[in-house]
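Note sheet for the following structure.
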Amino acid sequence: MSLRAVGYCRANDIPSAQQELHQQQERIRAYCFQHHLTLEHIYVDAGVSGLHLHRKGLQSLLANAANGQFDVVVVCDTKRLSRRLVDLYKVQNILRKHNVALALCCDDRQTAFLSEEGRLQEYWKDQPNGK
């Protein structure tokens, strides 16, 4: 049985926001397909700043995490969740409290994940020395 996943996308109110959101959604879909995750839903906050956590899509995601509706949240970049490190840790702790993993689908050269200690770990695939 595959894990139940949801995606989360956010873009500021910029002229290319719709295109950026579409690209994020496509990357999330591809990541889920590649990692055999069942994508249940993609939460979207369009035209919203990442400087606070009071976003309709994010709050809905966190409430549904508390209700056990999914196992993994997939985002393209930690900046989509929050521009503030303290808020990113808050989101990660809420997800961890409800046994929900956080997966980051970065560009083709990079994979990333948040470690149990709450630190962003990155691994560059094309660098032989890992830098």
If you draw a 6.0 Å radius around NE2 in H35, do more than 12 non-hydrogen atoms from other residues or ligands fall strictly inside?
-> yes
Can you tell me how far the CZ atom of R96 sits from the CD1 atom of I94, to the nearest 0.5 Å?
-> 12.0 Å
Passes side chain to side chain contact (heavy atoms under 4.5 Å, CB included), V100 versus F70? Steps please.
-> CA-CA 7 Å; V100 175; F70 47 83; 3.9 Å; yes
Could you go step by step and tell me if R10 and R83 meet the side chain to side chain contact (heavy atoms under 4.5 Å, CB included) rule?
-> CA-CA 11 Å; R10 182 191 59 77; R83 292 268 182 195; 3.8 Å; yes
Mind checking the CG-NE2 spacing from N93 to H98? Nearest 0.5 Å is all I need.
-> 10.5 Å
Can you list the residues that meet the salt bridge (Lys or Arg N to Asp or Glu O under 4.0 Å) rule with R80, with sequence neighbours excluded?
-> E20
Does any N or O in the side chain of R4 come within less than 3.5 Å of the main-chain N or O of E40, such that one atom is a donor and the other an acceptor?
-> no
Side-chain heavy-atom pair V74, C105 within 4.5 angstrom cut-off = yes
Under the criterion side-chain contact (heavy atoms from CB on, under 4.5 Å), which of I42, D45, V91 is the partner of Y8?
-> D45
Minimum heavy-atom distance between C9 and Q25, given as atom pair plus value = SG-CG, 3.6 Å
Partners of D77 by salt bridge (Lys or Arg N to Asp or Glu O under 4.0 Å), sequence neighbours excluded?
-> none
Going by atom type alone, with no hydrogens or angles, which donor-acceptor pairs under 3.5 Å involve a side-chain atom of residues 56-63 and a protein atom two or more places apart or on another chain?
residue	atom	partner	partner atom	Å
Q59	NE2	L53	O	2.7

Pairwise ring-ring contact (aromatic ring centres under 6.0 Å, His included) hits with a residue in residues 39-69, at least two apart | H41-Y43
Sub-4.5 Å side-chain heavy-atom contact between L104 and C76 = no
With sequence neighbours excluded, tell me which residues meet side chain to side chain contact (heavy atoms under 4.5 Å, CB included) with N99.
-> none
Under 3.5 Å donor-acceptor, Q24 side chain and V75 backbone = no
Minimum heavy-atom separation for L39 to G7, with atom names?
-> CD1-N, 3.8 Å
Hydrophobic cluster membership, V48 vs L88, 4.5 Å side-chain cutoff = no
Main-chain N/O of L81 paired to R55 side chain as donor or acceptor, under 3.5 Å = yes
Can you hop from V44 to Y31 via hydrophobic side chains spaced under 4.5 Å?
-> yes
Would you please name every residue forming a side-chain hydrogen bond (donor to acceptor under 3.5 Å, both in side chains) with R84, sequence neighbours left out?
-> D87
